[in-house]
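So the structure is just underneath, and the comments pick up after that.
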Number of protein chains: 2
Amino acid sequence: MANIKDIAELAGVSIATVSRTLREPHKVKPATSKKVNEAIEKLSYKTNLVASSLRKQKADAVIVAVPDLHNSFVAGLVQGVENVARENGIKVMLGVTEGKQELLDRHYEMVAGKQADGMIVLDVNTPSAIINNTSGKPLPIVLTCEYEAILLCPRVRFDNIEVAAEAVSYLVSLDHKNVAYISGSRTLRMSRDRQSGFRLGLRRAGLTVNENIIAGGDYRIETGVEATQALIESGEKFTAIVCESDEIALGAIHTLAEAGLQVPEDISVLGMDNIRFAQYGNPPLTTIALKSSQVGEQAMRLLLDYYLDAEAANREIILPHQLIERKSTAQLLSGK
Amino acid sequence: MANIKDIAELAGVSIATVSRTLREPHKVKPATSKKVNEAIEKLSYKTNLVASSLRKQKADAVIVAVPDLHNSFVAGLVQGVENVARENGIKVMLGVTEGKQELLDRHYEMVAGKQADGMIVLDVNTPSAIINNTSGKPLPIVLTCEYEAILLCPRVRFDNIEVAAEAVSYLVSLDHKNVAYISGSRTLRMSRDRQSGFRLGLRRAGLTVNENIIAGGDYRIETGVEATQALIESGEKFTAIVCESDEIALGAIHTLAEAGLQVPEDISVLGMDNIRFAQYGNPPLTTIALKSSQVGEQAMRLLLDYYLDAEAANREIILPHQLIERKSTAQLLSGK
DNA sequence: TTGTAGGCGTTATCAA
DNA sequence: TTGATAACGCCTACAA
C-alpha cells in the first residue's frame, strides 16, 4: 500500500504538501496540487486512517452498545445512529452486550482506548465508567431509553409515563374499564415509568387501580405469549390489554386466539413501538409509535454536540410518541 | 489518559517491560510484572488501540456491509458476525450501503485505509475492489448469499436451487399442482437460482412448468402484499404459493385473508428464512429455515482463516437449510 | 530478564 | 507557498 511518502516522492514534493493537498487544498498552489493528485490517483493512495487517528487523537468513530439485534426496536436505533454518523463522516462500531455489565464496560474501553470517540448505549445496564465518574465532567456517552439515577450524562428517551397513560385513556374512551397490563421488566426504569403511567391513566379516568399487571422478563413475543397465558389462567376479568411492546402484543393476540378469544371483539390489545409488522398483524395492531431510529439519530447528534461542547450536550431529549389506531382495539360492547 | 510511558515511570521500569508485561507476561519476572500491574491499576491504564494498530499494522476490526438493518435476516447475519468476532477479540464496524455501489465501495476504503482488516458483504452489489482486482491475490472480503460472477473471493451461501426445489417438492407431496411463486428480485443471483430451483422442483414432479412467477423488488412484507394482489388479479389458478422470504409470505397471507381466502384451507403458503415471527403468524408459517446468523458466523470464520492463509480461505461454504412444517400449508382437498 | 531505540503513517508547527 | 521535523503511543528487534 502506497503511503504519503510514496506520493511525495512521485510528485516531487514534501509529505507536508501532500497532507496539505488533502486536508487544506486552499493552502496549496493549483499546479502543485495537480501533481499531487495525479500521484495519488496513480498509486491509488488512501489515507491510513489509523495513523491519522493517532496523530489527531480522534477516531471519527463511535460505538453503539445494545443487548442484541434481534429486536427491531434495537435495529432501528442502530440504523438511526448510522444514518447521522455517516452524514458526518463518522464510523459506527457495534457493541453487543447480551445485557451483561462486563461486556458493556469492555466496549467502553474502546472509548478509553481512543479507538472510538464516544458511545451510545441502549441497555439495561449503565457503564461503570459513568457510575464511577468523579471527574465532574460528563463522559462521551449518551444513554437512551434507560436512565436510572444518572447524574451527569446526556440522554434521549420517550415520556414513558405519558405513553402508558395515553394508552389507557384511549382504551377508556372505548368504554373499557378492566384493563390489564403486560410489562417487559420489573426493574427497568422505562418499564417502571410506564407502569406508573398505566396507574396514572386509570386514576385520571376515575377508575380503581387494580393491580392487573403482569411483568415479563423482556419485550419479546414469547413474553407476550406466556404473560397472556398467565393472565387468562389468573381468572381476572379484563376486556383490554396494554402491552409494553408490539412483540408482546402480537404474542398476546396469538395466545388469545388459541384460547378462543377474538381480538378486538372479545379483547382489545394495544402495543407500543409500531414495528414494521404491527400493521400486518391479524388484526392490524393499534399501537403507540415510538420511533427508535429517531432515538438513534438524536443520540448521535448529542454526541456530536458533545464533541463541540461537552457541557452544552449534557442534557435530556424527550422524543414525541403517537397513537396509531388500527384494528386490534374496539369499542366495548355493552353488557361485558 | 495515562500512557505506557506513565506506567513505566511509576513502576520504575522501561516501556518495553510494560509492553511485555501486557503482551508476553511469561517473559517478565513475576516481581516486575507485579509492580507494573499495580501501576496499571493505579492509573487505570488502557492500551491505546489506535497506536497499537498502527504499530502492528493490524486493526483487529472488520466491517460488515449490509443494505440496512430493518430486515431480520440481515440483523441475524450481523449478530452472527459479531458473535464470532467477539470470541476472537475483533471489533465489528457497521457499514450500511442502502444498496448503493458507492457506499459499499466507500466502506471498503476503511479496509484499504487499514482501519479494518477485512469486510463481510451482504448486498446486491459487489465491491469494485474485487471486480478490479488484478493482483491475482484474493482480497480480505467475504461475500455472503450473493455471488455473481466472482472469480477470486471466499463466500458463504445457501444452496438456493435446492431450497426452492424442496419447497416445491413439499407442496407437491401435499397434492398441489398449481404452485405460484413470489420472488424478491429478478436480478439477484440468489433469486435467480431459487427460480431455477422452483422450475426444477416442478419438473422433478413431472408437472408442466408454467411461468406463474411474480418478481417483487425486495424481500419485505409490502412486496408480499403487492405481489399477492397482482397474483389474484391475474386470474391464474393456484392453490399454493412459494415465497422467497417469510416477510413476503406474511404479506401474502395478509392479502389472501383480505381477499377472503383462507390459509391453508384455500391456499397453502410457504416462506423462507424462518424469522422469529414466522411461528407466530396466523397461521404459523411453514418455511425453509435459513439461519442467517450461521452465515455471519461462517463468514467471520472465513475471514479469520484468510488472515492466517489467504489462499486456503479462498473457498465457498454452502450452509444447510431445513423445512419447518407449520400450519400455513395443508393437503390439497380433492376437487380443487 | 530488562533496556535502548527505531519506526508504523499522519498531522501540524515553525521556519524558510 | 512549501519543507523539515517533532510528536501521537505502541511494539519489537537487538543489545546489554
Side-chain angles (χ1 to χ4, degrees), chain A residues 1-40 43-61 89 91 109-117, chain B residues 1-40 43-61 89 91 109-117:
Chain A
M1 258 305 279
N3 63 21
I4 201 170
K5 209 173 140 197
D6 300 325
I7 304 302
E9 277 170 20
L10 183 58
V13 297
S14 72
I15 60 169
T17 299
V18 177
S19 183
R20 258 192 303 260
T21 307
L22 260 16
R23 307 299 147 218
E24 310 162 297
H26 60 282
K27 285 190 182 174
V28 30
K29 206 164 67 179
T32 314
S33 130
K34 186 158 171 284
K35 278 191 300 183
V36 172
N37 284 320
E38 281 168 4
I40 288 175
L43 304 186
S44 64
Y45 165 78
K46 301 269 182 285
T47 302
N48 181 316
L49 298 167
V50 174
S52 173
S53 264
L54 175 60
R55 176 60 232 241
K56 291 192 300 187
Q57 292 293 81
K58 189 161 175 304
D60 288 327
K91 286 97 196 172
E109 285 180 14
M110 291 177 53
V111 178
K114 300 276 187 187
Q115 209 170 7
D117 301 321
Chain B
M1 259 306 277
N3 62 21
I4 201 170
K5 209 173 140 197
D6 299 326
I7 303 302
E9 278 170 16
L10 182 59
V13 298
S14 73
I15 60 169
T17 300
V18 177
S19 183
R20 261 192 299 263
T21 308
L22 260 17
R23 307 297 148 219
E24 311 163 296
H26 59 281
K27 287 192 181 174
V28 31
K29 202 163 67 177
T32 314
S33 130
K34 184 156 174 285
K35 279 192 300 184
V36 172
N37 284 320
E38 281 168 4
I40 287 175
L43 303 186
S44 64
Y45 165 79
K46 301 270 181 284
T47 302
N48 181 316
L49 297 167
V50 173
S52 173
S53 264
L54 176 60
R55 175 59 232 248
K56 291 192 299 186
Q57 292 293 81
K58 189 161 175 305
D60 288 327
K91 286 96 198 172
E109 285 180 13
M110 292 176 52
V111 178
K114 299 274 186 189
Q115 208 169 7
D117 300 321

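- Residues A:Y45 and A:L22 have side chains in contact (heavy-atom distance under 4.5 Å, counting atoms from C-beta outward).
- Ranked by how close their nearest DNA chain C nucleotide is to the 5' end, B:A51 and A:A16 are led by B:A51.
- If you take NZ of A:K5 and C1' of C:dG7, they are 10 Å apart, rounded to a whole angstrom.
- If you check every strand for non-hydrogen atoms under 4.0 Å, B:T17 touches sugar and phosphate atoms only.
- Closest to the A:Y45 side chain, of the nucleotides D:dG9, C:dT10, C:dA5, is C:dT10.
- Summarising the geometry, the separation between CD1 on B:I4 and C1' on D:dC10 is reported as 6 Å, rounded to the nearest angstrom.
- Relative to the side chain of A:R55, the nucleotides D:dT2, C:dA5, D:dA6 differ in distance, and D:dA6 lies closest.
- Among D:dC10, D:dG3, C:dT10, the nucleotide with an atom closest to any side-chain atom of A:N48 is C:dT10.
- Using modelled atom types, no side-chain atom of B:N37 and backbone atom of B:K34 make a donor-acceptor pair closer than 3.5 Å.
- For the pair A:T32 and A:I15, nearest-nucleotide mapping onto DNA chain D gives the more 5' position to A:T32.
- Checking A:R23 against A:T47 by side-chain atom types alone, a donor-acceptor pair falls below 3.5 Å.
- Nearest to the side chain of A:V13, among D:dC10, D:dG3, C:dG3, sits D:dG3.
- Residue A:K29 contributes atom NZ, which lies 9 Å from atom C1' of D:dT2 at whole-angstrom precision.
- Side chains of A:V50 and A:L54 form no contact here, defined as non-hydrogen atoms less than 4.5 Å apart.
- Taking atom NZ of residue B:K114 and atom P of nucleotide C:dG9, one finds them 8 Å apart after rounding to whole Å.
- Atom NZ of A:K27 and atom C1' of C:dT11 are 12 Å apart (whole Å).
- At the heavy-atom level, B:L49 lies nowhere under 4.0 Å from the strands shown.
- Considering only heavy atoms from C-beta on, A:S53 stays 4.5 Å or farther from A:D60 through its side chain.
- Among the protein residues, B:K58 comes within range of no part of the nucleic acid, since none of its heavy atoms lies under 4.0 Å from any strand.
- For A:Q57 and D:dG9, the shortest distance from a side-chain N or O to OP1 or OP2 is below 4.0 Å.
- B:V50 comes within contact range of no nucleotide atom at all, as no heavy-atom separation falls under 4.0 Å.
- Taking the side chain of A:T47 as heavy atoms from C-beta on, and the options C:dT10, C:dG3, D:dC10, the nearest nucleotide is C:dT10.
- Checking D:dG9, D:dT12, C:dG9 against every side-chain atom of A:N3, the shortest atom distance belongs to C:dG9.
- Listed nucleotides: C:dT4, C:dT2, C:dT11. Nearest to the side chain of A:S52: C:dT11.
- Whole-Å rounding puts the A:L43 CG to C:dG9 P distance at 14 Å.
- The shortest distance between the side-chain N/O atoms of A:S14 and the OP1/OP2 oxygens of D:dG3 is below 4.0 Å.
- Interface remark: the B:R20 side chain does form a donor-acceptor pair with the C:dG3 base, using a distance-only criterion of under 3.5 Å.
- Counting heavy atoms from C-beta on, the side chains of A:L49 and B:K114 never come closer than 4.5 Å.
- Counting to the nearest Å, the P atom of D:dG9 and the CZ atom of B:R23 are 16 Å from each other.
- Here the P atom of nucleotide D:dG9 and the NZ atom of B:K56 are 17 Å apart, to the nearest Å.
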